[in-house]
Amino acid sequence: QVQLAESGGGLVQTGGSLRLSCVASGRSISGYTMGWFRQAPGNEREFVGAIISRDSSTDYADSVKGRFTISRDNAANRLYLQMDSLKPEDTAVYSCAATPLWAGRRSASNYLYWGQGTQVTVSS
């Protein structure tokens, strides 16, 4: 079992930045692909990005590519999401998740473990 807990959300103005953190406990995340998802009210959960363990390759949704950066620290059992140039449409609850897969990284159904989420609100 892996327990995940996000932090770092908050209220920011358009164009601002936030850095989300996800700390894992229970077991090492080194064997997992780690992902970030978000869900806005009335919307389905949306893939934001993912990072593989072995070489830290990343994959991003087109909507955040060039603005968001995912990183991980396996030794510290932590995952990060640096969000720059934030837009009002980035407003959502952001959750981190872990999956043993890479091929299915964009599908929430492939993730075994989830955090509770942290709210990000971008004001216009």
Side-chain angles (χ1 to χ4, degrees):
Q1 288 279 351
V2 179
Q3 292 79 43
L4 301 172
E6 304 90 343
S7 62
L11 174 64
V12 64
Q13 291 185 333
T14 296
S17 298
L18 281 175
R19 189 190 193 208
L20 305 184
S21 296
C22 171
V23 60
S25 60
R27 64 190 302 177
S28 172
I29 63 170
S30 62
Y32 294 92
T33 292
M34 300 299 295
W36 285 99
F37 288 78
R38 66 186 183 186
Q39 188 167 21
N43 290 0
E44 293 187 355
R45 184 175 281 169
E46 175 189 17
F47 171 78
V48 173
I51 183 168
I52 197 171
S53 180
R54 66 174 182 271
D55 61 3
S56 292
S57 294
T58 53
D59 179 34
Y60 298 97
D62 288 344
S63 59
V64 306
K65 197 172 295 183
R67 300 188 298 122
F68 289 13
T69 304
I70 295 176
S71 60
R72 64 190 295 162
D73 184 342
N74 287 341
N77 241 19
R78 286 182 178 269
L79 175 73
Y80 302 99
L81 179 66
Q82 177 66 42
M83 304 186 295
D84 299 317
S85 302
L86 283 161
K87 305 175 182 179
E89 50 264 43
D90 295 320
T91 295
V93 174
Y94 285 70
S95 299
C96 61
T99 176
L101 307 175
W102 178 245
R105 61 194 176 275
R106 290 186 169 225
S107 176
S109 63
N110 287 325
Y111 286 77
L112 299 178
Y113 306 109
W114 290 85
Q116 292 294 319
T118 184
Q119 177 70 47
V120 171
T121 303
V122 185
S123 63
S124 57

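One is the number of the first residue; the rest follow in order along the sequence.
- Hydrophobic clustering keeps Leu79 apart from Phe37 (ILVMFWY residues linked when any side-chain heavy atoms are closer than 4.5 Å, directly or through intermediates).
- Summarising the geometry of Asn77 relative to Ile29, their closest heavy-atom pair is OD1-N, 2.9 Å, with the distance given to 0.1 Å.
- Thr99 places no side-chain N or O within donor-acceptor distance of the main-chain N or O of Thr33, the cut-off being under 3.5 Å.
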Practice problem: With side-chain contact (heavy atoms from CB on, under 4.5 Å) as the test, would you mind laying out the steps for Arg67 and Asp90 before giving the verdict? | Solution: CA-CA 11 Å; Arg67 300 188 298 122; Asp90 295 320; 2.7 Å; yes
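- Judged purely by atom type and a 3.5 angstrom limit, Glu46 has no side-chain atom pairing as donor or acceptor with the backbone of Arg38.
- Pairing each heavy atom of Asn110 with each of Pro100, the nearest pair is O-CD, 4.4 Å.
- Using a 30° and 60° split on the angle between ring planes, Phe68 and Tyr94 fall in the tilted class, from 30° to 60°.
- In this structure, Arg105 contributes its side chain and Asp59 its backbone to no donor-acceptor pair below 3.5 Å.
- For Gln39 (side chain) and Ala92 (main-chain N/O), no donor-acceptor pair under 3.5 Å exists by modelled atom type.
- Nearest heavy-atom pair across Glu6 and Ser95 is OE2-CA, 3.2 Å.
- A chain of hydrophobic side-chain contacts below 4.5 Å, direct or via other Ile, Leu, Val, Met, Phe, Trp or Tyr residues, connects Ile51 to Tyr113.
- Note on Val120 and Phe47: separate hydrophobic clusters, where clusters join Ile, Leu, Val, Met, Phe, Trp and Tyr whose side-chain heavy atoms are under 4.5 Å apart, directly or indirectly.
- The cluster map of Ile, Leu, Val, Met, Phe, Trp and Tyr, joined by side-chain heavy atoms under 4.5 Å apart, puts Leu4 and Leu112 in the same cluster.
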Practice problem: For side-chain contact (heavy atoms from CB on, under 4.5 Å), just list the numbers for Trp114 and Arg45, CA-CA rounded to whole Å, side-chain angles, deciding distance to a tenth of an Å, and then say yes or no. | Solution: CA-CA 12 Å; Trp114 290 85; Arg45 184 175 281 169; 3.3 Å; yes
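- Each disulfide (SG to SG under 2.5 Å) pair with one or both residues in residues 86-124, not counting sequence neighbours, appears once here: Cys22-Cys96.
- Take Tyr80 and apply the ring-ring contact (aromatic ring centres under 6.0 Å, His included) test, not counting sequence neighbours, and it matches no residue.
- The two atoms that bring Ile70 and Gly49 nearest to each other are CD1-C, 3.1 Å, heavy atoms only.
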Practice problem: Could you walk me through whether Gln82 and Ser71 pass side-chain contact (heavy atoms from CB on, under 4.5 Å), step by step? | Solution: CA-CA 8 Å; Gln82 177 66 42; Ser71 60; over 6 Å; no
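- Summarising the geometry of Ala24 relative to Val2, their closest heavy-atom pair is CB-CG1, 4.1 Å, with the distance given to 0.1 Å.
- Across Ser53 and Tyr32, no two heavy atoms sit closer than the pair CB-O, 3.7 Å.
- Arg106 places a side-chain N or O within donor-acceptor distance of the main-chain N or O of Tyr60, the cut-off being under 3.5 Å.
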Practice problem: Evaluate the side-chain contact (heavy atoms from CB on, under 4.5 Å) criterion for residues Thr91 and Gln119: first the C-alpha distance (whole Å), next the side-chain angles of each, then the deciding distance (0.1 Å), finally the verdict. | Solution: CA-CA 8 Å; Thr91 295; Gln119 177 70 47; 4.0 Å; yes
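- Side-chain atoms of Thr14 do not come within 3.5 Å of backbone N or O of Lys87 as any donor-acceptor pair.
- Placement of Met34 and Leu18 within a single hydrophobic cluster is found when ILVMFWY residues are connected by side-chain heavy-atom separations under 4.5 Å, directly or transitively.
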